[in-house]
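To start, the structure itself, in structure tokens.
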Number of protein chains: 2
Amino acid sequence: MTTTPTVGLLLFLPYRAMETRVLAALAEAGFDDVTLAQARVFQRIGPNGTRLTDLAEQAQVTKQTAGFLVDQLERAGYVRRGPDPEDGRARLVRITSRGSAAQAAAAEVVAEVEAEWEKHLGSRRMGALRETLVRLREITDPYA
Amino acid sequence: MTTTPTVGLLLFLPYRAMETRVLAALAEAGFDDVTLAQARVFQRIGPNGTRLTDLAEQAQVTKQTAGFLVDQLERAGYVRRGPDPEDGRARLVRITSRGSAAQAAAAEVVAEVEAEWEKHLGSRRMGALRETLVRLREITDPYA
DNA sequence: CGACTTTAGACAGAGAATCTGACCATCGTC
DNA sequence: GACGATGGTCAGATTCTCTGTCTAAAGTCG
């Protein structure tokens, strides 16, 4: 198969490569109880906490699913649920110190992989890629 | 959150948008019994048939999972399993006429979405994106 | 204020997707 | 022809995800 795949699939390949690398590195660093699905939600928790509904929306899963994954992250000590001062119904999912450590480890690998990509592509192309993707996000991400 | 996400996540967003659009269009066109997981495998079946093991490898799932999904695609009439003339152990997964019809419908939407992207980005940027992704594939896709 | 609608989240149960482990048949090699 | 590697299946367990239903707290409008 020497046919060039669609842009869609071409986008997916490096994304998956990144995801795989990050998850492997996390496991290596002792965070070996995080699953891919959990990481996809975890990744979206902001520094000041994020509501479950927002997490669900951004990860494009139902709030039940998001809740299920947050339960696990909570049991593993990566996040905790707290009240939302601005809304009595809502609860904020916040990152614990263990969660921060994991995030830091993840960020390190992300930087490493991005550096590899930049080395392969050249910094001009890498910069253009980043910029193009940001523009593309405008029409492909409803939560931009 | 106005922070620019990582390139990894930026790659994912348009990919998912494409995937969602294609699946919705397929459902619209009467192919409403295909799930996302099935489509991800289906997408990789070549015109001359593909072995289960190859499908599994490319989709990065176990051969059991690939087999499970192919079972469903077969039951729904999108593919059929046949012998592999070159290897008695192997069986080739081939696309049926119904499968081809679905593929054609999918290709149509892909072209449509890519046209939207090109309109938004401009043809120069779109071309550069495609080229950059092909290069990036060299170091991120073990099956390139 | 008080009734109505919406929103945030949880609980329960079912279904889909994925994995590990064990197994058989065929291929390639020596 | 024996032996390790490869392609595929079967069985069972786990993980992920969804639909449906429910409660509590906002928000809206008379």
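Residue numbers begin at 1 in each chain, while the letters A, B, ... track the order of the sequences. Both backbone and side-chain heavy atoms feed into the values below; hydrogens, waters and symmetry mates do not. Keep in mind the model is a prediction, meaning the values are calculated, not measured.
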Return all side-chain donor-acceptor pairs below 3.5 angstrom for residues 17-29 of chain A, not counting sequence neighbours, or 'none' if the list is empty.
| unit_1 | atom_1 | unit_2 | atom_2 | d |
| --- | --- | --- | --- | --- |
| Glu19(A) | OE1 | Arg40(A) | NH2 | 3.0 |
| Glu19(A) | OE2 | Tyr15(A) | OH | 2.3 |
| Glu19(A) | OE2 | Arg40(A) | NE | 3.0 |
| Glu19(A) | OE2 | Arg40(A) | NH2 | 3.3 |
| Thr20(A) | OG1 | Arg16(A) | O | 2.8 |
| Arg21(A) | NH1 | Glu116(A) | OE1 | 3.2 |
| Arg21(A) | NH2 | Glu116(A) | OE2 | 2.8 |

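- Contacts with DNA chain D (heavy atom under 4.0 Å) in residues 60-79 of chain A: Val61(A), Thr62(A), Gln64(A), Thr65(A), Phe68(A), Leu69(A), Gln72(A), listed by number.
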Side chains of residues 70-78 of chain A: which donor-acceptor pairs under 3.5 Å do they make with residues two or more places apart or in other chains?
| unit_1 | atom_1 | unit_2 | atom_2 | d |
| --- | --- | --- | --- | --- |
| Asp71(A) | OD1 | Arg81(A) | NH1 | 2.9 |
| Asp71(A) | OD1 | Arg81(A) | NH2 | 3.3 |
| Gln72(A) | OE1 | Gln38(A) | NE2 | 3.0 |
| Glu74(A) | OE1 | Arg81(A) | NH1 | 2.7 |
| Glu74(A) | OE2 | Arg81(A) | N | 3.1 |
| Tyr78(A) | OH | Asp33(A) | OD1 | 2.6 |
| Tyr78(A) | OH | Arg98(A) | NH2 | 2.9 |

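- Residues satisfying the salt bridge (charged side-chain N to carboxylate O under 4.0 Å, His left out) criterion with Arg135(B), sequence neighbours excluded, are Glu131(B).
- Taking Thr50(A) as the reference, nothing meets the side-chain hydrogen bond (donor to acceptor under 3.5 Å, both in side chains) condition, with sequence neighbours excluded.
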Leu133(B) and Leu11(B): CA distance, side-chain angles, deciding distance, side chain to side chain contact (heavy atoms under 4.5 Å, CB included) verdict = CA-CA 10 Å; Leu133(B) 289 174; Leu11(B) 288 161; 4.0 Å; yes

Under the side chain to side chain contact (heavy atoms under 4.5 Å, CB included) criterion, do Phe42(A) and Ile95(A) qualify, and how do the steps go?
-> CA-CA 9 Å; Phe42(A) 184 61; Ile95(A) 295 180; 4.1 Å; yes

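- Of all the residues in residues 83-96 of chain A, Arg89(A), Ala90(A), Arg91(A) reach under 4.0 Å from DNA chain C with at least one non-hydrogen atom.
- The minimum heavy-atom distance linking Leu92(A) with Pro85(A) is given by the pair CD1-CD, 4.3 Å.
- Under the rule for a side-chain hydrogen bond (donor to acceptor under 3.5 Å, both in side chains), Gln64(A) has no partner lying at least two apart in sequence or in another chain.
- Chain A approaches DNA chain D over the interval dC16(D) to dA26(D), counting the first and last nucleotide 5' to 3' with an atom under 4.0 Å from its heavy atoms.
- Looking at residues 12-41 of chain B, you'll see that no heavy atom sits under 4.0 Å from any atom of DNA chain D.
- By the side-chain hydrogen bond (donor to acceptor under 3.5 Å, both in side chains) test, Thr62(B) pairs with Thr65(B), sequence neighbours left out.
- Shown here are the side-chain hydrogen bond (donor to acceptor under 3.5 Å, both in side chains) partners of Arg91(B), two or more places apart in sequence or in another chain: there are none.
- Within the structure, every pair that satisfies the salt bridge (charged side-chain N to carboxylate O under 4.0 Å, His left out) test and touches residues 45-54 of chain A, not counting sequence neighbours, is listed here: Arg51(A)-Asp84(A), Arg51(A)-Asp87(A).
- A salt bridge links Arg130(B) with Glu114(B): the closest approach of a Lys/Arg side-chain nitrogen to an acidic carboxylate oxygen falls below 4.0 angstrom.
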